[in-house]
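Atoms within a ligand are numbered from 1 in the order they appear, just like the ligands themselves.
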Amino acid sequence: MELDEVLRRRRSVRSFSPQDVEPEKVEALLWAAERAPSAGGLNARHFVVVRDRETKRRLREAALDQSFVEEAPVVIVCCCDLKRIRPYGRRGVELYTIQDVAASAENILLKAVDLGLGGVWVGAFREEEVKRILSLPPHLRPTAMICVGYPAQP
Ligand SMILES: Cc1cc2nc3c(=O)[nH]c(=O)nc-3n(C[C@H](O)[C@H](O)[C@H](O)COP(=O)(O)O)c2cc1C
């Protein structure tokens, strides 16, 4: 799809069809995430793909009960990597790694549109709870969840 068309079509999708997302499409979303620029090319970010219903249920609770977090076939939890960004000191931790993740998150949403999928960026969640649910090590800070699936309405 033409870039302008992708940009025109993108909007937050919070209602998904029950159709599952093909593994190669999830791979394509992750590829798009990694194509985003990152500070110093350090790629100070990490992505956790969640498809398991029970884990998504717990993520929904952590995300202030936003029901589409559980209903989306795929949830990509985007994390800052506080270890990899260390060469940039405080500015790296407070700014660059967060921007690295944000750039990736937008790429995921745009690629989703290109693949006929839809998604929504979720920022409202209790971080510590998400870290516990996913057993994340201390240097990974979840800052965004991208819920993806086939839109319920075209
Ligand atoms: C940093 C950030 C956090 C967001 N958090 C949420 C969220 O927790 N729940 C939600 O439903 N939408 C969330 N959104 C999506 C916005 O509500 C949405 O992008 C905005 O209303 C504009 O609508 P559009 O995406 O359809 O253009 C978030 C978007 C961003 C960029």
Side-chain angles (χ1 to χ4, degrees), residues 1-19 21 25-26 28-39 42-82 84-85 88 90-134 136 139-154:
M1 201 183 290
E2 283 292 312
L3 179 60
D4 283 3
E5 184 61 11
V6 171
L7 294 172
R8 199 183 62 77
R9 286 196 193 190
R10 193 221 53 85
R11 77 169 95 96
S12 295
V13 170
R14 299 180 178 84
S15 183
F16 301 99
S17 104
Q19 187 185 345
V21 178
K25 289 199 173 182
V26 177
L29 296 175
L30 295 174
W31 174 82
E34 284 172 8
R35 289 301 306 144
S38 70
L42 293 180
N43 263 306
R45 53 197 168 198
H46 192 86
F47 307 96
V48 181
V49 176
V50 180
R51 283 175 170 281
D52 167 66
R53 186 84 199 202
E54 174 57 14
T55 309
K56 286 188 297 179
R57 187 192 63 73
R58 296 176 68 197
L59 289 177
R60 184 201 77 208
E61 283 177 5
L64 320 183
D65 220 26
Q66 299 184 76
S67 56
F68 48 82
V69 174
E70 182 177 353
E71 286 151 17
V74 179
V75 178
I76 302 177
V77 182
C78 307
C79 306
C80 295
D81 189 326
L82 305 178
R84 260 193 220 168
I85 204 67
Y88 287 116
R90 194 168 154 189
R91 195 165 172 79
V93 169
E94 289 178 355
L95 191 62
Y96 295 166
T97 179
I98 292 170
Q99 292 178 335
D100 288 355
V101 167
S104 287
E106 178 67 355
N107 272 16
I108 293 171
L109 288 172
L110 294 177
K111 187 65 188 172
V113 173
D114 182 45
L115 297 170
L117 301 164
V120 60
W121 181 321
V122 174
F125 57 83
R126 291 185 286 270
E127 271 181 44
E128 288 309 314
E129 213 172 307
V130 170
K131 284 178 89 162
R132 263 199 310 278
I133 293 166
L134 300 177
L136 294 176
H139 68 281
L140 293 184
R141 179 185 177 200
T143 50
M145 293 186 206
I146 308 295
C147 303
V148 184
Y150 285 95
Q153 286 112 27

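Without hydrogens or angle criteria, Arg11 side chain to Gly118 main chain gives no donor-acceptor distance under 3.5 Å. Of the possible donor and acceptor atoms, one in the side chain of Asp100 sits under 3.5 Å from a partner among the backbone N and O of Ala39. Between the side chain of Thr97 and the backbone N or O of Ala44, at least one donor-acceptor pair lies under 3.5 Å.
Each of the following atoms of ligand 1 lies closer than 4.0 Å to a heavy atom of Gly123: 3 (C), 4 (C), 5 (N), 6 (C), 7 (C), 8 (O). When each atom of ligand 1 is checked for a heavy atom of Arg11 under 4.0 Å away, the hits are 26 (O). Atoms of ligand 1 found under 4.0 Å from any heavy atom of Val122, numbered from 1 in the order shown, are 5 (N), 6 (C), 7 (C), 8 (O). Set against the non-hydrogen atoms of Ala124, the atoms of ligand 1 under 4.0 Å away are 8 (O).
For Gln66, a nitrogen or oxygen atom sits less than 3.5 Å from a nitrogen or oxygen atom of ligand 1, counting backbone and side chain alike.
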Distance-only donor-acceptor hits, side chain of residues 139-151, under 3.5 Å, sequence neighbours excluded:
residue	atom	partner	partner atom	Å
Arg141	NE	Glu127	OE1	2.9
Arg141	NE	Glu127	OE2	3.3
Arg141	NH2	Glu127	OE2	3.1
Tyr150	OH	Glu22	OE1	2.8
Tyr150	OH	Glu22	OE2	3.1
Tyr150	OH	Lys25	NZ	2.9

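Residue Ser38 holds its OG atom at 11.5 Å from CD of Gln99, rounded to the nearest 0.5 Å.
Other residues, nucleotides and ligands contribute over 12 non-hydrogen atoms within 6.0 Å of the CZ atom of Arg126.
The nearest non-hydrogen atom to atom 29 (C) of ligand 1, considering only Phe68, Trp121, Phe125, comes from Trp121. Taking only non-hydrogen atoms, the option from Arg10, Arg14, Glu106 nearest to atom 11 (O) of ligand 1 is Arg14.
The pair Arg57-Glu54 meets the salt-bridge criterion, with a side-chain N (NZ, NE, NH1 or NH2) lying under 4.0 Å from an Asp/Glu carboxylate O.
Of the protein's heavy atoms, Ser12 OG, 2.6 Å lies nearest to atom 25 (O) of ligand 1.
Atom 4 (C) of ligand 1 is approached by the protein to below 4.0 angstrom, counting heavy atoms only.
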